[in-house]
Undergrad: 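Take this structure first; my questions come after.
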Protein chains: 2
Amino acid sequence: MKLEKITKEAKNNARRHYDDACATAHALDLVGERWALLVIRELMLGPRRFSDLRTNLPGISANVLTQRLEGLEAAGIVIRRKLPPPAAAQVYELTEWGYQSEPIFQSLGRWAARSPTHDPSLPFSAVSLMLSLRTMIDPARARGRDIRVGFRIGEETYAGRVSEGQIAIERAALDNVDLVFSGTAPAIARAIYAGQELSALESEGVLQIDGDRTLAKRFVSLFPLPPKAEIPGG
Amino acid sequence: MKLEKITKEAKNNARRHYDDACATAHALDLVGERWALLVIRELMLGPRRFSDLRTNLPGISANVLTQRLEGLEAAGIVIRRKLPPPAAAQVYELTEWGYQSEPIFQSLGRWAARSPTHDPSLPFSAVSLMLSLRTMIDPARARGRDIRVGFRIGEETYAGRVSEGQIAIERAALDNVDLVFSGTAPAIARAIYAGQELSALESEGVLQIDGDRTLAKRFVSLFPLPPKAEIPGG
DNA sequence: CTGTATCCGTGTTGATACTG
DNA sequence: CAGTATCAACACGGATACAG
C-alpha cells in the first residue's frame, strides 16, 4: 500500500515537463495542466471546499480535481487546511505566492476578451465574474468615482469598492454599500458586459438592483470591452 | 480521402474546451494546449520556419508542432506566409492580436521566477532569453541609462536598447551597438541572471564580450531576480 | 531540404460508479 | 461531503514514410 503510493508519487513528479530554463516554460510546468489555472482562479477570492470547486468548474471530474489539488499543493501554490470546529470542513487555500498569480489571469483575460470566438453566453462562475471586474475596469472612466457596490450571487455576497481608478473586491457581508446587484453571475454579466438594459433584466426576473439606479448605470459603464481582434483572412 | 479530412477537422473543432464564459477560460481554450504558448513565444520576435521552431522547442515532435500551428492559425493567432523568392520558404508569423499576447508571457515569467523549483540550468532558447530581458528589467535601475547592446547567439543577432527604464529588443543586425555578448543563450543567461563573473565565463570560452567591460557589468545588473517564494510547510 | 501524414506504444484525461 | 476505482477515449511523442 505504502509502496504503491510512493511509486505513484514518483510517477507524478516525473510527469511530463518542458526541458526549458525559460521561466514561462516553468510556469507551464507548474500550472499548465488542464484545469490547473481554473482551480487557482476559483481560490483567488479566498478558501474553498472541494465541492465548491466542483460546482463552479463545470465539467471537471472528481479525480482530476483531486490530482490538480495534490499537484498544486506539492508545488507550493495551494495549501489545505482543516477549518476549526464547529465548521470542521477541509478547505483549500492559495499560498501567498499562489495569490500573486493574479496578473496571469488578468493578462489572459484581457487578451482573450479580444478573441473573435469568445462566447460570453456560457456558464459564468461568481468568482470569475468578480475577478473580471478587477481586470476590465477602465481606470480612466473610474477615476474620481467612489462607489461601494455589493453583489448577491446565490448564497454568496461580494463587496466591492471603486476608488482611485481601481476596484477592490472581496467575499464579504453587504454592509455599507450604495448599491446591490442580486442575481446569477451570467445575468449580472449581461448587465455589465453585454450592455443590456437593467430594467429589461429586472422585468425578466433574473436581476434585482437595490439602490440608486443612476449610480448602477454609471457603475456598469466602467467596464468597457475591448474591440475584437481583426484576423487577416479570417 | 477528402471525407476523412473533413471528419478530422470536425473532430479538431469539437476538441476539448472549457464550457466557461470567463475570458481566462477562453484564453486557455485558445492557447492552453501543451506547447501552444511556447510556439507563440518562439514567434514573438518575428516570423520563423517550421524547422526553427522545432530546433528551439526541445522535445516537441513534428506532428504535434503541425497540429499546434494549425490550431493557432485557425484561431487567428498565427498566420502562415510564403516568403517571396528567392527565399521561397514558408514561415509562420503572429497576427497583430497574436503579438498582443506578450503580457501573458511576462506575467507567467515574473510569477514563475519566484518558484522554489525553477531550474535555470536547462536549455534556453535565444528568443526566450531575449523576451526574459524585457520581462525582468528593473525600471528603477534602468532609468536614466541609455545602452545599445547586441547579442550574437548561434547564427542570429539581436539588438537591444535600454532607455526610459525599458528595453526594446529585435532581431536585427548589430550596427551601432556599444556592447556585444556572443555565446550560447545559457551562457549569456548565466552572466545576466546567475551573476557569474563575466571574466570567468570568458575564460571558460562560452562567452565573449566586445565593448566596454564596465558597461557590460552595469548592463547585467539591470536584471535582478525576485526572491524565491516561501512555502508554508514546504 | 522543408515540412506532412500515418502508425503505434504509452500516459493522461474524464465519465461513471462506488466507498468512508 | 470528500474523495477513490475502474475503464474507455484521447493526446502525446517517436519513428518512419511520404510530398514538393
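Naming convention: chains lettered A, B, ... in sequence-line order (proteins, then strands); numbering from 1 in each chain.
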Undergrad: Is it true that a side-chain atom of B/K228 and a backbone atom of B/S115 form a donor plus acceptor pair closer than 3.5 Å?
TA: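 Yes: the side chain of B/K228 pairs with the backbone of B/S115.
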Undergrad: So which of B/E73, B/E93, B/E70 actually passes salt bridge (charged side-chain N to carboxylate O under 4.0 Å, His left out) with B/R80?
TA: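 Testing each of B/E73, B/E93, B/E70 against B/R80, the sole residue satisfying salt bridge (charged side-chain N to carboxylate O under 4.0 Å, His left out) is B/E73.
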Undergrad: How do A/R34 and A/A62 order along DNA chain C: which one's closest nucleotide is nearer the 5' end?
TA: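 Final value for this comparison: A/R34.
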Undergrad: Does a side-chain N or O of B/R80 approach OP1 or OP2 of C/dT4 to a distance below 4.0 Å, or not?
TA: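 Answer yes for this pair, as a side-chain N or O of B/R80 is under 4.0 Å from OP1 or OP2.
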Undergrad: Choosing from D/dG13, C/dT4, C/dT13, which nucleotide comes nearest the side chain of A/V64?
TA: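 Looking only at side-chain atoms, A/V64 lies closest to C/dT13.
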Undergrad: For A/Y18, is the NZ or CZ atom of B/R34 found under 6.0 angstrom from the centre of its six-membered ring and inside 45 degrees of the ring axis?
TA: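 Yes.
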Undergrad: Roughly how many Å is it from CD in B/E33 to P in C/dT13, rounded to a whole number?
TA: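 Whole-Å distance recorded here is 12 Å.
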Undergrad: Starting at atom CZ of B/R68, determine the distance to atom C1' of C/dT4, rounded to an integer number of angstrom.
TA: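 Spelled out: CZ on B/R68 to C1' on C/dT4 is 16 Å.
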Undergrad: With the threshold set at 4.0 Å, does a side-chain nitrogen-carboxylate oxygen contact exist between A/R41 and B/D20?
TA: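 Salt bridge: yes.
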Undergrad: OP1, OP2 of C/dT4 versus side-chain N and O of B/Q90: anything below 4.0 Å?
TA: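 True: B/Q90 side-chain N/O within range (under 4.0 Å) of C/dT4 OP1/OP2.
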Undergrad: Would you indicate, yes or no, if D/dG13 has its OP1 or OP2 atom less than 4.0 angstrom from a side-chain nitrogen or oxygen of A/Y18?
TA: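 Result: no.
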Undergrad: Nearest-Å distance, CD (B/Q67) to P (C/dA5)?
TA: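 That distance rounds to 10 Å.
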Undergrad: Mind calculating the distance between CG (B/L65) and P (C/dA5) to the nearest angstrom?
TA: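 To the nearest whole Å, that distance equals 13 Å.
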Undergrad: Report the distance from atom CG of A/L57 to atom P of C/dA15, rounded to the nearest whole Å.
TA: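 It is 13 Å, rounded to the nearest whole Å.
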Undergrad: What's the CH2-P distance between B/W35 and D/dG13, to the nearest Å?
TA: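 My rounded result for the distance is 6 Å.
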Undergrad: Using whole Å, what does the distance between atom P of nucleotide D/dA2 and atom CZ of A/R54 come to?
TA: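 So the CZ-P distance, A/R54 to D/dA2, works out to 11 Å.
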Undergrad: Which one, C/dT13, D/dA2, D/dG3, comes nearest to the side chain of A/R49?
TA: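 Looking only at heavy atoms from C-beta outward on A/R49, the closest nucleotide is D/dA2.
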Undergrad: Taking NZ, NE, NH1 and NH2 as the nitrogens, is one of them in B/E102 or B/R134 under 4.0 Å from a carboxylate oxygen of the other?
TA: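 Counted as a salt bridge, because a side-chain N and a carboxylate O are separated by less than 4.0 Å.
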Undergrad: Establish, with yes or no, whether the OP1 or OP2 oxygen of D/dA2 is under 4.0 angstrom from a side-chain nitrogen or oxygen of A/S51.
TA: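 So the side chain of A/S51 is within the cut-off, an N or O lying under 4.0 Å from OP1 or OP2 of D/dA2.
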Undergrad: Just the rounded figure in Å: distance from C1' of C/dC8 to CG of B/N63.
TA: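 Whole-Å distance recorded here is 11 Å.
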